[in-house]
Student: 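Below you will find the structure I want to go over with you.
Please read all numbers here as calculations on a predicted model, not as lab measurements. Convention: sequence-line order gives letters A, B, ...; per-chain numbering from 1.
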Protein chains: 2
Amino acid sequence: MKQTYCTAHLRSISDTLELIGGKWKLLILTLLHSESPMRFSEIERAIGTITPRMLSKELKELEQNELVERRVYPTMPVSVDYRLTDYGYSLGSVMVALGDWGKNHRRRIMHQPTIEAVNR
Amino acid sequence: MKQTYCTAHLRSISDTLELIGGKWKLLILTLLHSESPMRFSEIERAIGTITPRMLSKELKELEQNELVERRVYPTMPVSVDYRLTDYGYSLGSVMVALGDWGKNHRRRIMHQPTIEAVNR
DNA sequence: CCGGATCCGAAGCGATACTG
DNA sequence: CAGTATCGCTTCGGATCCGG
């Protein structure tokens, strides 16, 4: 019974990783969580190191998984923005947990001397 | 000021993803979170689809980042086990948040007809 | 039992240039 | 502004064989 529970739990984690895994998706979701909607170029600038190609691909996948909604406005030229869906917002606790731990981790790293510093 | 806050937040998330990103690390950590210590072959069987090569590599990286501790016992043949460090356990809230969301997500998927079913 | 060594294809990701 | 197209590098990850 314990085994069954475990494999089910592991599978649900694997499923989640397929949705939000990779280098960019969680960053995009976190951005949109703190500020929605955002335009394509706003996200691009906010992340700073993502290429348009990757941003476009990631947004498309997030949209297909219904975590992000894309809206197009018939202005001239066309303007587009992105926002979290309700389902996207339901990832809030994951983002907060990861962000909090990450901040703590960064502090931990800062206070450790680097290997290079030790070897000198 | 908001911009500063955001980029710092994004960087801490990127840092975290470098530690626990990828296909396997979170699965291994979650396993060890529910049961420590575990032996190499136990983890291998519990995950079911990981190759020894990958498991070895991932465990080594987790150990270098002080999330997992490796202990060797001078039996014959040598036996080894792995357990979470205290720092590893500090990721508990992240694992729980992700696992909970994943279970919910799996239920959501189950209740949606697949594309193939719709097209028939 | 616990891995290491090697090979190899697949996937992720980046750089650059281009378009409506 | 909001992407697409092409290319190529690098990493991921599986398969297989080997060793203490």
Student: Respond yes when some side-chain nitrogen or oxygen of A:Ser56 is under 4.0 Å from OP1 or OP2 of D:dT4, and no when none is.
Tutor: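 True: A:Ser56 side-chain N/O within range (under 4.0 Å) of D:dT4 OP1/OP2.
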Student: Figure out the OH/P separation between B:Tyr73 and C:dC2, and round it to whole Å.
Tutor: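 Atom-to-atom, B:Tyr73 to C:dC2, this comes out as 12 Å.
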Student: Given C:dC2, D:dT4, D:dC1, which nucleotide is nearest the side-chain atoms of A:Arg39?
Tutor: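 My answer, after comparing the listed nucleotides, is D:dC1.
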Student: What is the distance, to the nearest angstrom, from the CD1 atom on B:Ile20 to the P atom on D:dC12?
Tutor: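 Distance check: B:Ile20 CD1 to D:dC12 P gives 15 Å.
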Student: Which whole-number value in Å describes the distance from B:Glu42 CD to C:dC1 C1'?
Tutor: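 The answer, rounded to whole Å, is 12 Å.
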Student: Report yes or no: is there a donor-acceptor pair, N or O only, under 3.5 Å between the side chain of B:Arg53 and the base of C:dG3?
Tutor: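 Under the 3.5 Å cut-off, the side chain and the base do not form any donor-acceptor pair.
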Student: Nearest whole angstrom, please: distance from the P of D:dT4 to the CD of A:Glu44.
Tutor: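 Spelled out: CD on A:Glu44 to P on D:dT4 is 13 Å.
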Student: For a quick test of reading the model: is some side-chain N or O of A:Tyr82 closer than 4.0 Å to OP1 or OP2 of D:dC1?
Tutor: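 It does not, given that no N or O in the side chain of A:Tyr82 lies less than 4.0 Å from OP1 or OP2 of D:dC1.
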Student: Could you state the CE-P distance from B:Met76 to C:dC2, rounded to the nearest angstrom?
Tutor: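 Whole-Å distance recorded here is 14 Å.
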Student: Can you tell me if the side-chain N/O atoms of A:Lys23 get under 4.0 Å from OP1 or OP2 in C:dG14?
Tutor: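 For C:dG14, OP1/OP2 do have a side-chain N/O of A:Lys23 under 4.0 Å.
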Student: Closer than 3.5 angstrom, by distance alone: can the side chain of B:Ser56 be matched with the main-chain N or O of B:Pro52 as a donor-acceptor pair?
Tutor: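 The answer is no, because no donor-acceptor pair under 3.5 Å joins these two groups.
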Student: For DNA chain C, whose closest nucleotide is more 5', that of B:Leu59 or that of A:Met54?
Tutor: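 Nearest nucleotide further toward 5': that of B:Leu59.
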Student: Going from CG on A:Leu98 to CG on B:Leu91, what distance comes out if it is rounded to the nearest 0.5 angstrom?
Tutor: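 So the CG of A:Leu98 and the CG of B:Leu91 are separated by 8.0 Å.
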Student: C:dC1 phosphate, OP1 or OP2: any side-chain N/O from B:Ser79 under 4.0 angstrom?
Tutor: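 No, no such contact exists.
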Student: Among the nucleotides D:dT4, C:dG14, D:dG3, which one has an atom lying closest to any side-chain atom of A:Lys60?
Tutor: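 Nearest listed nucleotide: D:dT4.
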Student: Rounded to whole Å, how long is the line connecting atom CD of B:Glu18 with atom P of C:dC13?
Tutor: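 Rounding to the nearest Å, CD of B:Glu18 and P of C:dC13 are 12 Å apart.
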Student: Nearest to the side chain of B:Arg70, heavy atoms from C-beta on, is which of D:dG3, C:dC2, D:dC1?
Tutor: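 Of all the options, the side chain of B:Arg70 is nearest to C:dC2.
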Student: Starting at CG of A:Leu17 and ending at P of D:dC12, how long is that distance when rounded to a whole Å?
Tutor: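 Whole-Å distance recorded here is 15 Å.
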Student: Look up atom CG in A:Leu59 and atom CH2 in A:Trp24, then write down how far apart they are to the nearest 0.5 Å.
Tutor: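 Here the rounded value is 12.5 Å.
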Student: May I have the distance from B:Arg45 (atom CZ) to C:dC1 (atom C1'), rounded to whole angstrom?
Tutor: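 Interatomic distance, CZ of B:Arg45 to C1' of C:dC1: 11 Å.
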Student: Is a side-chain donor or acceptor of A:Ser34 paired with a backbone partner of A:Leu31 at a separation under 3.5 angstrom?
Tutor: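 At least one qualifying donor-acceptor pair exists.
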Student: Rounded to the nearest 0.5 Å, how far does CD1 of B:Ile28 lie from CD of B:Glu58?
Tutor: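 Going from the CD atom of B:Glu58 to the CD1 atom of B:Ile28 covers 5.5 Å.
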Student: Please determine whether a side-chain nitrogen or oxygen atom of B:Thr51 lies at a distance below 4.0 Å from atom OP1 or OP2 of D:dG13.
Tutor: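 No.
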